[in-house]
Every structure is written in structure tokens, then in C-alpha cells.
2 protein chains.
Amino acid sequence: MARTVDPERTRARRDAISSAAADLFATKGFDHTTAAEIARAAGLSSGSVFYYFADKRAVFRSIFEADLPASREMVARHAEGTDPLGSILAMVDELGGPAQDPSASGILIELLRQIDHDVQLQIVIAQTTEVIRGGLVALVERGQASGVLDPELDPTEAAAWIQNIVDGAFLSADPERDPRPMLRRIVARFLSTPPSTQGGNS
Amino acid sequence: MARTVDPERTRARRDAISSAAADLFATKGFDHTTAAEIARAAGLSSGSVFYYFADKRAVFRSIFEADLPASREMVARHAEGTDPLGSILAMVDELGGPAQDPSASGILIELLRQIDHDVQLQIVIAQTTEVIRGGLVALVERGQASGVLDPELDPTEAAAWIQNIVDGAFLSADPERDPRPMLRRIVARFLSTPPSTQGGNS
DNA sequence: GTCTATAGCTGGATAGAC
DNA sequence: GTCTATCCAGCTATAGAC
């Protein structure tokens, strides 16, 4: 006896809605994207959108829910290794690479707009941010211990600024220009031990 | 005989609407701020908003129109001086200082969202951005000429990245934390001549 | 110039057929 | 599960009185 619902199919439908919506939200914004448009883009009717999602916000949230496991995976992948700064820069490359894509830029901006108005979304994003920050903090600390990175920096604050810098790159998305080389330069110089300036602590 | 319109009064009313709207747009967003709310906050009726402005977008634009002369003034103020890097950092301080203010952060995010949908707004912002960029480019070039700043950097690209970094600071507005010291560090290190690394060109 | 009142439209979410 | 049809709230922008 077949089950009433095929979970695989349900997931596929949800994903279709989610990814069609992501494109629309990125280009038109959340408020100017109608449920009917999402439905059309996903190949079903407007009523069905509300069968798979409680409301429009839930559709928006679903876009970012996939990021959490992906972030965990990325952090784990860069956690080991003998070169902490190298690992940080590799993470920066991964995080900042999509900044070239205007669609990624658009969805980040939309996220910034929506996050104040949706507590559930705040939780999802806070988790993802924390995972990435945690990975960066650990690497900064290791870099400081090995003398490559400036020991004066507070690791948590430094990690937050790395995320800031990367996010800044998203704000001027230019498909023609790979932001990663400059991002690497900025972050590497930001973190590194001052060449000779002796910080005269007693 | 008094003139029918008192230009001074008209300007005052427009400013009242503009600044009341800025607060609302920053916290609630453009789409969720109604003309009636703006009117109430400015102390007049909803119909009057459309007497002073052609439409809601024009109200939003007016917020940024004041930035252009202010930017010219700031650039002029930092154009002279014997210490180009110092001048750049002073500009970064001025540009990034408001990042602490959640309202400034909110309005920047809203700007990013609206700019795609309003050509007139694009023009206003492009002009302001150009003025600031121009000021930074000149200072970078002078710093390079005097050997303080890395000659390998393309001045225009470097200026654009300074603006990116500053904007990034706005994305995590924290009233408790002054972003300026870190911004100065990041920008100074980003621009400065590499300590000894000889770039072996030929 | 400034108000009140409202026309006219849009779009989220639902009801109920299939 | 998926559709169509639609209700209803909310809003911009205008009309016209004062």
C-alpha cells in the first residue's frame, strides 16, 4: 500500500519552490515577489505554495536553512591543517566567491532587510553565523599561538570583522571582477603580526 | 505684498517630512512605511506629503540628496595636507562613524534594496559615490608617489575597496562598539607598502 | 497649502471543487 | 495534493472642500 505522501517528492517540490523563490527574491525583493509568481516559476499554482509552506516568510527562510549544514561541512573541512592563515584565506575564498554573482548579492541584501522582521529567520542565521565564526575563531587562535597572527587581536572580534569584510564584498557585486584576490590581501594583512612594531607592554 | 509661497517654510516642511521618513524607512523599511505614517511623524496629513513630493520614492530620494554637497565638502576638507594616509583614515573615520547607529545601518540596507528600482536614485547615489571615490583616489595616488602606500595597487580599485570595507561595517551595526579603530587598522594595512617583500619586476 | 475622504488597485491567504 | 476563485485588508495617490 503506497503511503499517501511520498516524502521524496514532497522534498523535491519544496526545493523547487525554494529555489525559484530565491531567484525572484534576489532580483525583485521579498515584497515585490508575489506568491503567484513563485508558483508560476516553480511550475505549480499559487494555492500549492501555501500547501508546502505556512506563509511567504517560510519560503524565504527555507533558502537559508540549507546553509547551516553546508557551513558546518565547510568549517570542518578547514579545521585541520598546519597553516591556520592559509585555512582562513581558503574559507574567505569560499565565502566571498559568490559575491561576484549578482543574485547572491541580491539575496544577501534581502536577508538584511527581512531579518529584523522574522525571529525564526534570526535563529537560522545566527546559527550559521556562529558556526562560521567559531571556525574562524579557532583558526585565529591557532595562528596566534604559532606566532603568524597578531596576538593583540581578540579572536572573536577579528572573526566578526572577517565576516564583515566578506559581506562588504557582496554589496558591490560585479560579475566581471573576482573579489577573492583583494579579499585575501585585506584579510591577510588585517590579521598578520606587525613586522617589527614592538608593542611595549612593560 | 507677501509672496504666495514662503520658500524657507517650504524647505522646512520638506526637511521635516524627509527626516521623519528616514527614521521610519530605516526601522520598518520602505514598503512597510505608509505615507500616512510619514505624515503623522512629520506633523501633517497624508495628502500633504504628496504636495511636497511627487510620490513616495521622491521622499526616499530626498534623504540622500543632502549627502552630495556634504560629501563634496568632506572631500575638499581632506584633500590638502601632508599625510595622505592620515587623510584617508580621517575620511574612513567620518564615513564609518555612523555605522554604530542602527538607523544609519537600516537606511543603507534599504538603499541597497531600492536602488535597483529607481533610476533617479541611482544617479544621486552614483554622484555621491564618485565624489568620495575621487577624493580617495587622489589621496591614494599621492600616498603612492610619496612611497607610503603600495604602488602595486590600482588607485581606483583600492578606493572602491575602502568604500566596500566601510559599508561592510554598517551591516553589523552595534551601538556598543565603535567600529572606527578596526576600520583604521584594516584600511591602513590594506594600503600600506609591503615592509620588505620586494616585488621582483624584471 | 493643507485638510478629509475615497477611488482604485494589489496581493496574501483561504475555501472548496476535483 | 493541487487547482481556481475570491475575500479582504491595506495602501498610494488624487479630488475637492476650506
Side-chain angles (χ1 to χ4, degrees), chain A residues 1-63 110 113-114 117-121, chain B residues 1-25 27-63 110 113-114 117-118 120-121:
Chain A
M1 253 17 98
R3 287 266 229 64
T4 312
V5 295
D6 175 350
E8 197 48 59
R9 179 192 161 89
T10 298
R11 233 181 58 88
R13 284 268 204 259
R14 276 183 62 101
D15 287 353
I17 295 171
S18 185
S19 95
D23 279 348
L24 290 164
F25 289 149
T27 54
K28 312 190 43 167
F30 181 83
D31 292 311
H32 293 132
T33 299
T34 70
E37 284 173 320
I38 297 171
R40 199 178 322 124
L44 29 70
S45 86
S46 102
S48 296
V49 171
F50 296 100
Y51 175 77
Y52 286 101
F53 293 93
D55 52 25
K56 212 170 89 169
R57 279 184 176 171
V59 178
F60 188 75
R61 268 199 308 277
S62 72
I63 298 166
E110 205 51 33
R113 246 333 344 276
Q114 296 302 324
H117 310 317
D118 185 341
V119 184
Q120 304 232 61
L121 180 60
Chain B
M1 261 7 108
R3 287 266 231 63
T4 312
V5 294
D6 175 351
E8 197 49 56
R9 179 194 161 87
T10 298
R11 232 182 58 88
R13 284 270 204 258
R14 276 183 61 101
D15 287 352
I17 295 170
S18 186
S19 94
D23 279 348
L24 289 163
F25 288 150
T27 52
K28 311 189 44 166
F30 181 83
D31 292 310
H32 294 131
T33 299
T34 70
E37 285 173 320
I38 296 170
R40 198 178 323 125
L44 28 70
S45 85
S46 101
S48 296
V49 171
F50 296 101
Y51 174 77
Y52 287 100
F53 293 94
D55 52 26
K56 209 170 93 169
R57 277 184 177 172
V59 178
F60 188 76
R61 267 198 310 275
S62 72
I63 298 166
E110 205 51 34
R113 263 180 43 110
Q114 296 301 324
H117 311 315
D118 185 340
Q120 303 231 62
L121 180 60

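Labels below follow one simple rule: chain letters A, B, ... track the order of the sequence lines, proteins then strands, and each chain is numbered from 1.
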> Where along nucleotides 9-18 of chain C does protein come under 4.0 Å, by heavy atom, of base (B) or sugar-phosphate alone (S), with - for untouched nucleotides?
Replying inline: --SSBB----
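Partners of B:Phe60 according to the ring-ring contact (aromatic ring centres under 6.0 Å, His included) rule, which considers only residues two or more places apart in sequence or in another chain, are B:Phe25, B:Phe30, B:Phe64. Under the rule for a side-chain hydrogen bond (donor to acceptor under 3.5 Å, both in side chains), B:His117 has no partner lying at least two apart in sequence or in another chain.
For the pair B:Phe53 CZ and D:dT14 P, the interatomic distance rounds to 15 Å; values are reported in whole Å.
Here the closest heavy-atom approach between residue A:Val49 and residue A:Ala39 is recorded as CG2-CB, 3.7 Å. Residues A:Leu121 and A:Arg61 share a closest heavy-atom pair of N-CD, 3.6 Å.
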>> Please evaluate residues B:Arg113 and B:Glu110 with respect to the criterion salt bridge (charged side-chain N to carboxylate O under 4.0 Å, His left out), reporting the C-alpha separation (whole Å), side-chain torsions for both, the decisive distance (0.1 Å), and the verdict.
In response: CA-CA 5 Å; B:Arg113 263 180 43 110; B:Glu110 205 51 34; 3.7 Å; yes
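A:Arg40 has no side-chain polar atom (N or O) that falls below the 4.0 Å cut-off from OP1 or OP2 of D:dC3. OP1 or OP2 of D:dC3 has at least one side-chain nitrogen or oxygen of A:Ser45 nearer than 4.0 Å.
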